[in-house]
Amino acid sequence: MSRTQGTDEGRGRIGSVLSGLAVALGCVLFLGGFVWGAVVYQPYTVPTGSMTPTIGAGDRVLAERMDGGSDVRRGDVVVFRQASWGDLPMVKRVVGVGGDRISCCTDGKLMVNGKKVAEPYLPEGKGAAATGIPATTVPEGNLFLLGDERSGSLDSSVHLGDSNHGSVPRSAVEGRVDAVAWPMGKFGTLERPDGFADMPGGISDPGPVQLMVWAVVAGAALVMGGAAYGPVAKRLRRGRERPQSRDGSGATAHAG
């Protein structure tokens, strides 16, 4: 066996090992990303347009599972279930937490604890509320919830006459919406609104959905790259194994 052949075989063995490792690692990342997502997130289909334009009717969202809603903060979009609201999963935005004083609308702005809140997520040209919200204090342990499309949202502003002044207990929260998963054209994470950032508790941190997506994408790339190594390497070897002339040149010698 020539030195060149031995070198090629050695490189081939190393390449095969590395491609196998790439496929194995890719499978771990790809499957791990999906399993991680299934453990952390719950998918929901939003039936109405009350959260337009953030979330449209029929959109499928990923909600990070919450244990009693203790980590929910102002500005979060949550999935909750409240018996007095129909006992069905609903999606709304948290604009007030326990102890907050909510009112609307001075100069067309939502007021939280006497401060006007910027709400860039509202539909263009629409106001902060379809009707005025008289000053009301959110009971401790509760959340005040509004839809982004205020004119068509059955939210806390409609339930002000309830015993909790339109609010729902944190324990009613099933998840915090972190991303729109479908349709693909709208896929992306939800931004945390800065209007609540300087209030006590600030705004929440994004969930791990982007890391999960990167794990799935990287895993798929490694699997495809590792699987492609064998055919590519075989074709390259064939290209090098051309007939050699007696004088060692790459061209075939002819009699003159």
Side-chain angles (χ1 to χ4, degrees), residues 44 46 48-55 61 63-64 66-123 126-178 190-205:
Y44 291 90
V46 180
T48 71
S50 67
M51 284 298 296
T52 305
T54 306
I55 304 170
V61 300
E64 187 178 359
M66 294 277 101
D67 185 12
S70 58
D71 293 332
V72 172
R73 301 179 187 178
R74 301 176 192 86
D76 287 342
V77 176
V78 298
V79 179
F80 66 99
R81 188 191 298 264
Q82 175 69 357
S84 61
W85 290 33
D87 201 24
L88 295 171
M90 303 184 73
V91 180
K92 305 293 179 190
R93 188 182 296 275
V94 177
V95 298
V97 299
D100 283 349
R101 187 76 168 167
I102 307 293
S103 65
C104 189
C105 298
T106 301
D107 297 329
K109 298 289 186 180
L110 176 71
M111 301 283 289
V112 179
N113 299 324
K115 177 185 176 182
K116 297 177 184 178
V117 178
E119 297 184 278
Y121 42 77
L122 295 179
K126 295 294 185 69
T131 59
I133 300 175
T136 182
T137 300
V138 183
E140 290 296 336
N142 281 29
L143 303 169
F144 199 87
L145 303 151
L146 296 176
D148 288 357
E149 173 50 86
R150 304 283 159 82
S151 62
S153 178
L154 299 178
D155 50 33
S156 290
S157 65
V158 178
H159 292 269
L160 289 172
D162 295 354
S163 58
N164 288 327
H165 308 294
S167 64
V168 301
R170 284 182 175 270
S171 58
V173 174
E174 296 181 356
R176 177 171 54 206
V177 178
D178 210 26
L190 267 61
E191 295 183 4
R192 269 48 175 183
D194 292 335
F196 300 96
D198 59 353
M199 295 186 182
I203 55 178
S204 62
D205 295 323

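Remember, it's a predicted structure, so these values are computed and weren't measured experimentally.
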Can you list everything that forms a side chain to side chain donor-acceptor pair (under 3.5 Å) with [X]? Sequence neighbours excluded, please.
{"X": "Ser103", "result": "none"}
{"X": "Asn113", "result": "Asp100"}
{"X": "Asp194", "result": "none"}
{"X": "Arg73", "result": "none"}

Minimum heavy-atom separation for [X] and [Y], please, with both atom names.
{"X": "Val95", "Y": "Glu119", "result": "CG1-OE2, 4.4 Å"}
{"X": "Leu154", "Y": "Met90", "result": "O-CE, 3.8 Å"}
{"X": "Lys109", "Y": "Cys104", "result": "O-SG, 3.9 Å"}
{"X": "Ala63", "Y": "Val79", "result": "CB-CG2, 4.1 Å"}
{"X": "Ser50", "Y": "Lys92", "result": "OG-NZ, 3.0 Å"}
{"X": "Val91", "Y": "Met51", "result": "O-CG, 3.5 Å"}

Among pairs that include at least one residue of residues 69-121, which meet ring pair (Phe, Tyr, Trp, His ring centres under 6.0 Å), considering only residues two or more places apart or in two chains? Phe80-Trp85, Trp85-His159
I'd like to check the side chain to side chain contact (heavy atoms under 4.5 Å, CB included) partners of [X]; sequence neighbours left out, ordered by chain and number.
{"X": "Thr136", "answer": "Ile102, Phe144, Leu160, His165"}
{"X": "Ser167", "answer": "Val138, Pro139, Asn142, Asn164"}
{"X": "Ser84", "answer": "Gln82, Asp162"}

Gap between atom CG of Leu146 and atom CG of Asp155 - 0.5 Å precision: 4.5 Å
If you measure from OG1 on Thr54 to CG on Leu122, what distance do you get to the nearest 0.5 Å? 8.0 Å
Check against side-chain hydrogen bond (donor to acceptor under 3.5 Å, both in side chains), Ser70 and Arg170: CA-CA 7 Å; Ser70 58; Arg170 284 182 175 270; over 6 Å; no
Salt bridge (charged side-chain N to carboxylate O under 4.0 Å, His left out) partners for Asp205, two or more places apart: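 Testing Asp205 for salt bridge (charged side-chain N to carboxylate O under 4.0 Å, His left out), a comparison that skips the adjacent residues, returns none.
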Which salt bridge (Lys or Arg N to Asp or Glu O under 4.0 Å) pairs, counting each pair once, include a residue from residues 77-88, with sequence neighbours left out?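 Residue pairs passing salt bridge (Lys or Arg N to Asp or Glu O under 4.0 Å), neighbours aside: Arg81-Glu174.
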Please collect all salt bridge (Lys or Arg N to Asp or Glu O under 4.0 Å) contacts where either partner lies in residues 138-149, sequence neighbours excluded, each pair once. Arg93-Asp148, Lys126-Glu149
Looking at residues at least two apart in the chain, or sitting in another chain, which of them share a ring pair (Phe, Tyr, Trp, His ring centres under 6.0 Å) with Phe196?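 Partners of Phe196 under the ring pair (Phe, Tyr, Trp, His ring centres under 6.0 Å) test: none.
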Salt-bridge present (Asp76, Arg176; N to O < 4.0 Å): yes
